[in-house]
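Below, all heavy atoms of this structure are taken into account, side chains as well, without hydrogens, waters or symmetry copies. A quick note: this is a predicted structure, and the numbers were derived from the prediction, not measured. The chains referred to below are lettered A, B, ... by the order of the sequence lines, with proteins before strands, and numbering in each begins at 1.
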Amino acid sequence: MAKPENEITWKDLNVGFVVDEPGNASVYRTGDWRSQRPLYNRERCIRCGTCYIYCPDMAIKILEDGYIEHDLYYCKGCGICVQECPTGAITMVEEEEKDGD
Amino acid sequence: MDKYLDRLGIYAARLVSQKEYFVPGHRACQGCAEALAVRLMSKASRTNTVIACATGCIEIFSSPFPLTSWMVPGIHVAFENTAAVASGIESGLKAIMRKGRIPLKKINVVGIAGDGGTSDIGLQALSGALERGHNMVYVCFDNEAYMNTGIQRSSSTPFGASTTTSPAGKVVPGQTTWKKNMPEIAAAHDIPYVATACPSYPFDLMEKVRKAAEIEGPAYIHILSVCPTGWRLPPELSIHAGRLAVETGVFPLYEVERGRYKLSIDLPELRPVQEYFRIQGRFRHLTEEMVNKIQRRVREEYEKLKKKVMMTREG
Amino acid sequence: MMADKEVVRFKINDTEVEAEKGMMLLPVALEYGFEIPHLCYHEALSPGGMCGLCVVEVTKEGRTRVAMSCKYPVEEGIKVATDTEKIRQVRKRAWEVLLARASRSEVIRSMAQAAGVKETTLEKRDDDCILCGLCERVCREIVGANALTITRKGDRREVVPNPEACIACGACVYICPTDCIKMEEKGDERTIVRWNRTLKMQKCKSCGRPFAPIFQLNWIIDKANLSKDFYELCPICRKSS
Amino acid sequence: MATRVGMEVSIAAAEAVKQANADVIAAYPITPQTHIVEHLSELVNNGELDAEFVPVESEHSAMSVCVGSSAAGARAFTCTSSQGLALMSEIVYAAASLRLPILMILANRSLNSPLSIWNDHSDVMSIRDCGWIQVFAENGQEVYDHVFIGFRVAEDRNVLNPFMINIDGFILTHVIEPVELLEQEVVDRYLPPYQPLYRLHPDSPVSIGCFGPPVLFTEAKKAQNEAFCKTMPYIIKAWQEFGDLTGRYYHPIETYRTEEAQTILITQGSLGETASIAIDMMREKGEPVGLVKIRLWRPFPFEEFRKAVRGAELVVVMDRAVSYGGPGGPLAGEIRSALYPQEDHPRVVNFIIGLGGRDVSPEDFVQMAQRAKATPGQWYEIYGVRE
C-alpha cells in the first residue's frame with residue numbers, strides 16, 4: 001500500500017483485510033528507536049558472521065568480501081552484535097542528534 | 001557432540017542463507033530474542049511454508065496492517081486456536097492437492113504461538129492437533145509470561161519469577177509454581193519429533209526446524225525466547241541469557257525423536273543457576289534459600305532427562 | 001526491487017521465473033521452491049560441480065542439453081526442466097558414482113536409495129567422503145585458514161589436510177554433507193578426527209572450562225590484532241563479568 | 001431425473017455435502033447435530049466422499065479448522081448446535097471478518113442453563129451480528145437444497161462470506177421426510193469448484209488476519225458491512241437460478257395467504273408449517289389472517305419484509321429466544337425496526353414460544369392471534385407458562 005495509513009479508505013482495503021504484498025514491512029524504519037549506534041571496526045573483524053546471525057532485526061548485511069555493514073534504517077541499537085562479536089570489533093556510541101532523514 | 005552447536009563452528013554463520021523470509025521493519029522490542037527465533041525458524045523452513053500465527057507479540061510486531069514482515073503466506077485468527085488453524089490448513093491443502101485442484105507440492109504448515117497460547121489457552125487445540133497426527137510443525141516461542149499484555153504470569157513462568165500478576169510481594173515472592181513442562185506434554189502424545197531450542201544456539205535451532213519440517217507427522221519445537229523487557233535485563237544480553245539458561249541446565253536442549261531422547265548439548269558440569277538469575281531483574285528478589293531450592297530442582301530435572309536419554313538409547 | 005541489476009526471465013518446468021543476470025540456475029530454482037538434489041553446492045561458496053546431481057535439461061534456441069545447474073548462469077528465454085526421464089537417468093548415474101566414492105557412508109546410501117539407486121557397478125572406494133570439496137572451499141573461501149587442498153592423481157582426487165594450518169574451527173564439520181568430518185572434545189583437547197588435528201583448548205580463567213583451541217585463538221588474535229590476553233575468559237564469563 | 005426418497009433430514013443434509021464435494025469437514029459431536037456428521041464420516045470412510053474429515057477436540061477447533069482449510073482454498077463444512085456454537089462463536093466472527101466461504105448447518109438447540117438438548121433459537125440469536133449469511137429452513141427439502149445454495153452464494157466472488165443454515169433440532173434433524181435428490185450433474189452445473197480470491201499458498205504469499213490499529217479498524221468494519229449488505233442480490237440470484245434448475249424457488253421472505261390479511265403471524269424455521277395449519281383454520285372461519293416466514297435472517301430483507309406485511313393492522317411475531325430485559329424476542333426487535341420508518345406501521349405483538357423443545361400446536365397459534373387482537377398495545381409475553 002503506497003498510501004500512508006491515515007489516508008487509506010475502506011474502499012482501498014482488500015477483501016478480508018488481506019495484505020498481499022509480502023514483506024512490505026521493510027518500508028518501516030525502526031532505526032529511529034536507537035539511542036546508541038553501533039560502530040564497526042573493520043580492522044578487528046575476522047569475517048565470521050556471528051553478528052549477522054544474532055541480529056534480531058536483520059540489520060546486519062554481510063558484504064561480498066565477508067565484512068559486514070550495519071543497516072541503520074532498521075538497527076534498533078540493541079547492542080547484541082557488540083556483545084556477541086568474538087573480537088570486539090563493534091562498539092556502541094551515543095547516537096548524535098538526529099537530522100532530517 | 002552435536003555439530004550444530006555454535007561454539008563448534010565460529011564460521012558457520014557465514015554458511016547460513018542470507019535470504020530472509022521474515023524481513024526487517026518488524027516492531028519487536030530492542031534485543032527481542034523471540035524476533036530472532038522467528039527469523040531463524042523462517043530461514044530454516046524457507047519458502048514453501050504457510051504460517052498460522054497466534055495472537056501475541058509475534059502477531060503484533062510482525063503484521064500491523066497494512067504491513068507484514070512475512071515473505072511466506074500466513075494467517076492469524078485468534079489466541080488459542082493456532083494448532084487447529086494449522087491443522088485446517090494442512091487438511092485443506094492435502095484435500096485439494098489430492099483432488100488435483102492445485103499441483104502436488106511439499107508445503108510446510110507451521111503453527112506458531114507464545115507460551116500462553118501454547119501451554120495455557122491453546123493447550124487443548126494443540127493436544128487435539130498432535131493427537132490427530134497432522135503433518136505440521138508447531139513452534140512455541142516461550143518468553144515465560146504474557147509479554148504482549150504486559151508481563152503477566154503464565155503456566156510457563158518459572159518458579160520465583162516476578163511478573164505483574166505474580167509480583168515479588170512481601171508475603172509471596174513471585175511465581176509460586178514450577179514451569180509447566182510443555183515439551184514433555186507434547187512428547188506424551190507420542191508424536192515423531194519433539195525438540196527444545198534457543199536462538200542463542202542458532203544452528204541447532206535451524207537444524208531442528210528443518211528436521212521437524214521434513215518429518216512426516218506432527219512435530220513440536222519449544223524455543224526459549226529471551227524477553228529483555230519482561231525479564232528485566234539489558235537488551236544486549238538476551239543471547240547471553242539464553243546461553244546461560246542452557247548451560248545452567250535451566251533449559252536443556254534436547255530432542256525426542258520417535259521416543260528416543262537425545263541431549264543436543266551434554267554438559268559435563270552445569271553452571272550455577274545464580275549466574276543465570278543474576279542478570280535478570282525478575283529474579284532480583286530471590287533469597288539464597290529459594291535459589292538453592294531451584295538449584296536442587298534443576299539438577300534433579302537434568303538428571304531425570306539424562307536418565308530418559310539412557311533408557312531410550314538405541315540398541 | 002532489482003532496479004539496478006539486469007533481470008533475466010525464463011522458465012522452469014513451465015513456471016515463469018526471473019533472476020538477476022549472473023546468477024546460477026540452481027539457487028534460482030531452489031528459491032522458487034523447485035526440488036533439485038545437490039550435495040556439493042552451497043550458496044555461500046563458489047560452485048563446485050563435483051557431485052553431478054543438480055543436472056537439469058536446458059533448452060535454448062530449440063536445442064536441449066543436460067547441464068549442471070550449479071554452474072549454469074541464467075539466460076533470457078531458456079526453458080529448464082528439472083525432472084525429465086533423461087535427467088532421472090543422469091542423476092542415477094551420478095548416485096552410482098557417489099555410492100562408489102563413499103561406499104561406507106550411511107547418509108549417502110540412504111539418500112541414493114530414496115532416489116531409487118541401491119547399488120553401484122563402479123569400483124568402490126573405502127571411504128565415506130564423496131569428494132564434494134565443500135570442506136576445502138569453506139576453509140579457503142570463508143575461514144581463510146587454507147588448511148585443505150584437493151590433490152589429483154590421475155583420475156583420483158583426495159582432500160589433503162595441512163595439519164599446521166587447521167584452526168579446528170569446525171566449519172568443515174558443519175558443512176560436510178555426509179558427516180564424515182567429526183569433531184571430538186575430550187578434556188582440554190579438541191580433535192578434528194578426519195584431519196588428525198588435535199589442539200589444546202584454552203581454559204577460562206574464571207570458570208575453568210575449556211572453550212576454544214589456543215591455536216585458533218592465537219590465529220584470531222593475530223588476524224584481528226588483539227591483545228595477547230584477549231581470550232583469558234570464555235565468552236560466557238566475559239559477558240557476565 | 002431427480003429422485004424422491006424418504007430420508008432423515010440429517011442424512012439428506014450429509015448427502016448434499018457429499019454431492020457438493022466438500023473438501024474438509026471438521027466437526028465435534030453435539031446433540032442434535034450428530035446424525036449429520038456421523039453420516040458424513042461414514043461417507044468419507046467408505047470412499048464415497050473424497051474429503052478430509054477432521055474429528056476435532058472441540059467446536060472451537062471445528063471452526064478453526066474450517067477457517068484454516070478455507071483460507072487454504074478448500075471447500076469447508078461444519079455443523080453444530082447450542083453450546084457448541086457458543087464455544088466456537090469467537091471464530092464464527094473471525095470467519096466472517098476474514099471473508100471465508102464456510103458453510104455451517106446449525107441444528108438449533110437452546111443454550112444452558114438449565115441443560116436442554118431440545119430445540120429453540122437461543123443459539124443462533126446469540127451470534128446474530130456475527131456477519132454470516134443466515135437462513136432458516138422449514139423442512140428437509142429446504143435443508144438439502146440450501147447446502148448447494150449456501151456454497152454457491154458463499155463462494156461467489158461478489159459475496160465471499162460464510163453461510164449458515166438454521167434447522168430446528170430434532171423437529172427437523174431427526175425426522176424422516178420426503179426429499180427430492182438432485183442428479184449429480186445438476187449439482188455440478190449449479191455449483192462450480194471453489195476458486196478462492198486469495199489462498200494460503202507459497203506461490204502468492206498473503207498475510208491474513210493482520211492486527212488492525214485504531215486508524216484502520218473502522219475502515220475494515222465499514223468494508224465488511226458494505227460487502228455484506230451488497231450480498232442480497234447475489235443471494236436472490238442464486239435462489240432464482242436454483243429454481244430454474246429444479247423448479248423450487250426460494251425467497252428472502254415467504255408468504256402464506258397474506259392477501260387482504262389484517263393480522264399477520266411471523267415465524268422462522270419449522271414453526272412455519274405448524275403456523276400455516278393455524279392460518280388455514282382461521283381463514284376457514286373467515287378471519288383475515290396470513291403468515292410471513294422470515295427465511296433470510298441476515299442480511300435482513302427490510303424491503304421485502306415491509307412489502308409482505310403491507311396493509312396489515314397487526315403483526316404477531318413468534319420468537320424462540322429471549323432477549324433478557326430487551327424489547328421481547330430478538331426477531332420482534334428486528335421487526336419493529338423494520339416497520340418503524342413506515343408512517344402507518346401496524347401494531348406489533350410478540351410471543352416467545354417453543355423454548356427448550358416446548359411443543360407449539362396450531363391451536364396455540366390461533367390462541368395467540370386472538371389474544372394479540374383482543375389486547376391493545378405493543379407488548380410481549382412468554383407464552384404458555386404455568387403461573
Side-chain angles (χ1 to χ4, degrees), chain A residues 1-5 7-8 12-14 16-31 33-36 38 46-64 66 68 71 73-87 90 92, chain B residues 6-7 9-16 18 20-40 42-43 47 61-75 199-203 205-206 225-226 228 234-243:
Chain A
M1 295 230 171
K3 283 188 190 177
E5 54 184 40
E7 286 175 21
I8 296 171
D12 295 329
L13 301 176
N14 284 331
F17 212 50
V18 164
V19 175
D20 57 1
E21 297 167 68
N24 62 358
S26 59
V27 300
Y28 188 75
R29 181 202 296 264
T30 52
W33 303 11
R34 252 186 348 259
S35 58
Q36 288 192 315
I46 57 163
R47 297 185 285 176
C48 65
T50 302
C51 54
Y52 161 81
I53 201 71
Y54 284 118
C55 178
D57 298 306
M58 302 70 130
I60 293 172
K61 280 197 181 74
I62 296 181
L63 305 173
E64 231 149 73
I68 62 117
D71 188 340
Y73 190 87
Y74 300 119
C75 171
K76 294 171 186 162
C78 69
I80 285 178
C81 54
V82 176
Q83 283 294 318
E84 296 310 317
C85 174
T87 60
I90 309 169
M92 292 307 270
Chain B
D6 62 336
R7 69 195 195 114
I10 57 162
Y11 278 93
R14 290 282 308 279
L15 300 174
V16 171
Q18 294 210 41
E20 304 288 356
Y21 300 88
F22 187 77
V23 303
H26 69 71
R27 303 172 197 200
C29 302
Q30 273 188 336
C32 173
E34 182 169 86
L36 173 60
V38 171
R39 172 192 179 214
L40 295 170
S42 306
K43 273 180 179 290
T47 184
F61 71 63
S62 72
S63 45
F65 191 90
L67 301 179
T68 177
S69 283
W70 294 100
M71 293 301 289
V72 292
I75 184 169
S200 304
Y201 301 81
F203 314 111
L205 186 154
M206 287 187 284
S225 308
V226 176
E236 69 270 22
L237 290 185
S238 59
I239 305 303
H240 177 53
R243 239 180 244 129

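- Of the listed residues (Cys81(A), Ala25(A), Cys75(A)), the greatest number of heavy-atom pairs within a distance under 4.5 Å of chain B belongs to Ala25(A).
- When atom types are taken as modelled, the side chain of Asp71(A) and the backbone of Lys61(A) share no donor-acceptor pair closer than 3.5 angstrom.
- Ranked by heavy-atom pairs under 4.5 Å with chain B, the first of Val27(A), Ile46(A), Asp20(A) is Ile46(A).
- Nearest heavy atom pair, residue Met71(B) against residue Glu20(B), reads CG-O, 3.7 Å.
- Neither the backbone nor the side chain of Ile75(B) has a heavy atom closer than 4.5 Å to any heavy atom of chain A.
- If you tally non-hydrogen atom pairs under 4.5 Å between each of Ala37(B), Pro235(B), Ser238(B) and chain A, the highest count goes to Pro235(B).
- Proximity to chain B is absent for every atom of Tyr73(A), based on heavy atoms less than 4.5 angstrom apart.
- Here the closest non-hydrogen pair linking Pro56(A) and Cys78(A) is CD-SG, 4.3 Å.
- With contacts defined as side-chain heavy-atom distances shorter than 4.5 Å, the pair Gln30(B)/Gln36(A) does not qualify.
- With chain A as the partner, the residue from Leu15(B), Val72(B), Leu36(B) showing the most heavy-atom pairs under 4.5 Å is Leu36(B).
- Among all heavy-atom pairs drawn from Val226(B) and Ala241(B), the shortest one is CG1-CB, 4.0 Å.
- Heavy atoms of Tyr52(A) lying under 4.5 Å from chain B belong to its backbone as well as its side chain.
- Smallest separation of non-hydrogen atoms from Phe65(B) and Val18(A): CE1-O, 4.3 Å.
- Using modelled atom types, no side-chain atom of Arg27(B) and backbone atom of Tyr28(A) make a donor-acceptor pair closer than 3.5 Å.
- Ranked by heavy-atom pairs shorter than 4.5 Å toward chain B, the options Pro22(A), Gly79(A), Gly23(A), Gly49(A) are led by Gly23(A).
- Separating the CD atom in Gln83(A) from the CD1 atom in Ile239(B) is a distance of 10.5 Å, to the nearest 0.5 Å.
- Between chain B and the options Ile62(A), Asp57(A), Val82(A), heavy-atom pairs under 4.5 Å are most frequent for Ile62(A).
- By number of non-hydrogen pairs under 4.5 angstrom with chain B, the leading residue of Pro86(A), Ala59(A), Gly66(A) is Gly66(A).
- Interface remark: Gln18(B) contributes backbone and side-chain atoms alike to the contact with chain A (heavy atom separation under 4.5 Å).
- In this structure, chain A has no heavy atom under 4.5 Å from any part of Tyr21(B).
- The part of Thr30(A) that comes within reach of chain B is its side chain, from C-beta onward, which places non-hydrogen atoms under 4.5 angstrom from that chain.
- Taking SG from Cys51(A) and CD1 from Ile60(A), the interatomic distance works out to 4.0 Å, rounded to the nearest 0.5 Å.
- In terms of heavy-atom pairs under 4.5 Å with chain A, the best-connected choice from Ser69(B), Ser62(B), Pro64(B), Gly74(B) is Ser69(B).
- Options Val38(B), Leu40(B), Thr68(B) differ in how many heavy-atom pairs under 4.5 Å they form with chain A, and the most are formed by Thr68(B).
- What you find for Cys55(A) and Arg39(B) is that their closest heavy atoms are O-NH1, 2.9 Å.
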